[in-house]
S.K.: 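Quick one: the structure is below, questions incoming.
Basis for what follows: all heavy atoms, side chains included, without hydrogens, waters or symmetry-related copies. Since the model is a prediction, treat every value here as computed from it, not as a measurement.
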Amino acid sequence: MENKLAAYLTKRLQGVPLADIEARAGVPISVTSRMKHGSPPSFTTLFRLSWYMGGSLARLCRLAGFDDLAQMARDMFGAGQAESSRSAKSAQLHRRLEQLINRGLERRVEDAFKSIESAWEVLRPSFEALAQSLDAKSAVLAAYREGRDPDVYFFWKCNESQARVVVGERKASGWKAFEYSEEDSVLALYVREPGKRFTGRVGETLSSWAAGMKSITG
């Protein structure tokens with residue numbers, strides 16, 4: 001039976017010095033080598049590799065057969081950032097989260113995340129209300145930042161996979177896009193086949209949402 005994680009790591013880490021992984025992510029050369037040959041990993045190792053590769057922790061857990069941990073990772077961390085966007089500060093935060101999880105504090109970490117997510121969810125009703133007022137068949141709200149993959153914030157009357165396709169294409173057929181730029185980020189609203197004319201309130205609403213999100217992130 002094919003070891004999916006070993007196959008993925010062999011391809012993904014082709015040409016990558018294992019010594020660099022050890023130096024930057026703290027995963028010993030011997031551990032990475034054994035994983036590439038089919039040895040089962042620990043969650044801590046997957047956590048560190050996900051940061052090093054700028055990939056999804058959930059994906060690594062799923063490939064390793066840790067379905068429960070994969071779901072936890074999706075709930076807590078979402079998709080991984082591109083490696084180029086990772087700063088020393090984000091690396092430090094990642095390690096702090098790792099320490100808390102290793103100490104058995106998963107529930108408390110998750111509860112803290114839920115409070116942040118709840119504050120964010122306050123914005124969802126206004127997003128859905130705007131989409132409904134425009135008689136749109138579907139809607140997606142996303143953000144673009146330099147050096148990072150697009151981030152899907154909310155989607156309405158479509159699933160997450162469809163939303164990511166729209167956001168990735170940026171000019172998807174049948175969708176009308178509105179953007180609000182601020183500093184190094186762009187907040188984008190996509191609506192599919194709106195039944196009413198757009199007015200200036202769309203731009204004003206995007207500006208208001210951007211201010212609300214900024215207040216949450218500090």
S.K.: Could you tell me if the side chain of Pro194 sits less than 4.5 Å from the side chain of Asp135, heavy atoms only?
M.R.: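 No, too far: nothing below the 4.5 Å cut-off.
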S.K.: What's the spacing between Arg164 CZ and Asn159 CG if we round to 0.5 Å?
M.R.: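 If we round to the nearest 0.5 Å, Arg164:CZ and Asn159:CG are 11.0 Å apart.
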S.K.: Check whether any side-chain heavy atom of Ser138 sits under 4.5 Å from a side-chain heavy atom of Trp175, and report yes or no.
M.R.: yes
S.K.: May I ask whether Leu189 and Val165 are part of the same hydrophobic cluster, defined by side-chain heavy atoms of I, L, V, M, F, W, Y residues being less than 4.5 angstrom apart, directly or through others?
M.R.: no
S.K.: Working to the nearest 0.5 Å, report the span between NZ of Lys176 and CG of Leu134.
M.R.: 11.0 Å
S.K.: Group every Ile, Leu, Val, Met, Phe, Trp and Tyr by side-chain heavy-atom contacts under 4.5 Å, then state whether Tyr190 and Tyr180 land in the same group.
M.R.: no
S.K.: Are the side chains of Met35 and Thr45 in contact, using a 4.5 Å heavy-atom criterion?
M.R.: yes
S.K.: List the atom of Glu106, the atom of Ile101, and the distance in Å for their closest heavy-atom pair.
M.R.: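 Smallest heavy-atom distance, with atoms named: OE2-O, 3.5 Å.
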S.K.: Looking only at heavy atoms, what is the nearest atom pair of Glu22 and Ile29, with distance?
M.R.: OE2-N, 3.5 Å
S.K.: Taking all atoms of both residues into account, what is the closest heavy-atom pair of Pro125 and Val122, and its distance?
M.R.: CD-O, 3.2 Å
S.K.: Below 4.0 angstrom, N of the basic side chain to O of the carboxylate: do Glu179 and Arg170 qualify?
M.R.: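 Judged by the 4.0 Å cut-off on N to carboxylate O distance, Glu179 and Arg170 do form a salt bridge.
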S.K.: Does any N or O in the side chain of Arg34 come within less than 3.5 Å of the main-chain N or O of Ser39, such that one atom is a donor and the other an acceptor?
M.R.: no
S.K.: For Trp156 versus Gln132, what's the shortest heavy-atom pair and its separation?
M.R.: CZ2-CG, 3.3 Å
S.K.: Are side-chain heavy atoms of Leu13 and Met53 found at a separation under 4.5 Å?
M.R.: yes
S.K.: Return the minimal non-hydrogen interatomic distance between Val152 and Ala142, and the atom names on each side.
M.R.: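 That would be CA-CB, 4.2 Å.
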S.K.: Tell me the closest heavy-atom pair linking Lys36 and Ala6, and the distance in Å.
M.R.: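 Taking Lys36 first and Ala6 second, the nearest heavy atoms are O-CB, 3.6 Å.
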S.K.: Verify the distance criterion only: is there a donor paired with an acceptor across the side chains of Ser30 and Ser33 at less than 3.5 Å?
M.R.: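 Absent: no donor and acceptor within the cut-off.
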S.K.: Indicate whether the side chain of Trp209 and that of Ser126 have a donor and an acceptor atom separated by less than 3.5 Å.
M.R.: yes
S.K.: Please report the interatomic distance CZ(Phe154) to CZ(Phe127), rounded to the nearest 0.5 Å.
M.R.: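 Result: 8.0 Å between the selected atoms.
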S.K.: For the hydrophobic clusters of this structure (ILVMFWY residues joined by side-chain heavy atoms under 4.5 Å, transitively), does one cluster hold both Val186 and Tyr153?
M.R.: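 No, it is not one cluster - the side chains of Val186 and Tyr153 are not joined through contacts under 4.5 Å.
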S.K.: Hydrophobic clusters here meaning ILVMFWY residues chained together by side-chain heavy-atom distances under 4.5 Å, can you tell me if Val202 and Phe155 are in one?
M.R.: no
S.K.: Is there side-chain contact between Trp51 and Phe47, with at least one heavy-atom pair below 4.5 Å?
M.R.: no
S.K.: Got a second to check how far Leu9's CG is from Leu63's CG, nearest 0.5 Å?
M.R.: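 Between Leu9 CG and Leu63 CG, I get 8.0 Å after rounding to 0.5 Å.
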S.K.: Looking at OG of Ser185 and OH of Tyr144, how far apart are the two atoms once the value is rounded to the nearest 0.5 Å?
M.R.: 12.5 Å
S.K.: Roughly how far, to the nearest 0.5 Å, is the CG atom of Leu97 from the CG atom of Leu105?
M.R.: 11.0 Å
S.K.: Could you tell me whether Arg124 atom CZ has more than 12 heavy atoms of other residues or ligands within 6.0 Å of it?
M.R.: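 It does: Arg124 CZ has more than 12 such atoms within range.
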S.K.: Using a 4.5 Å cut-off on heavy atoms from C-beta on, say whether the side chain of Arg192 contacts that of Val166.
M.R.: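 Heavy-atom side-chain distance check fails, nothing below 4.5 Å.
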S.K.: Which of these passes side-chain contact (heavy atoms from CB on, under 4.5 Å) with Val167: Val140, Asp151, Leu141?
M.R.: Val140
S.K.: Is there a side-chain contact between Glu182 and Leu187 (heavy atoms, below 4.5 Å)?
M.R.: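 Glu182 does not reach Leu187 side chain to side chain.
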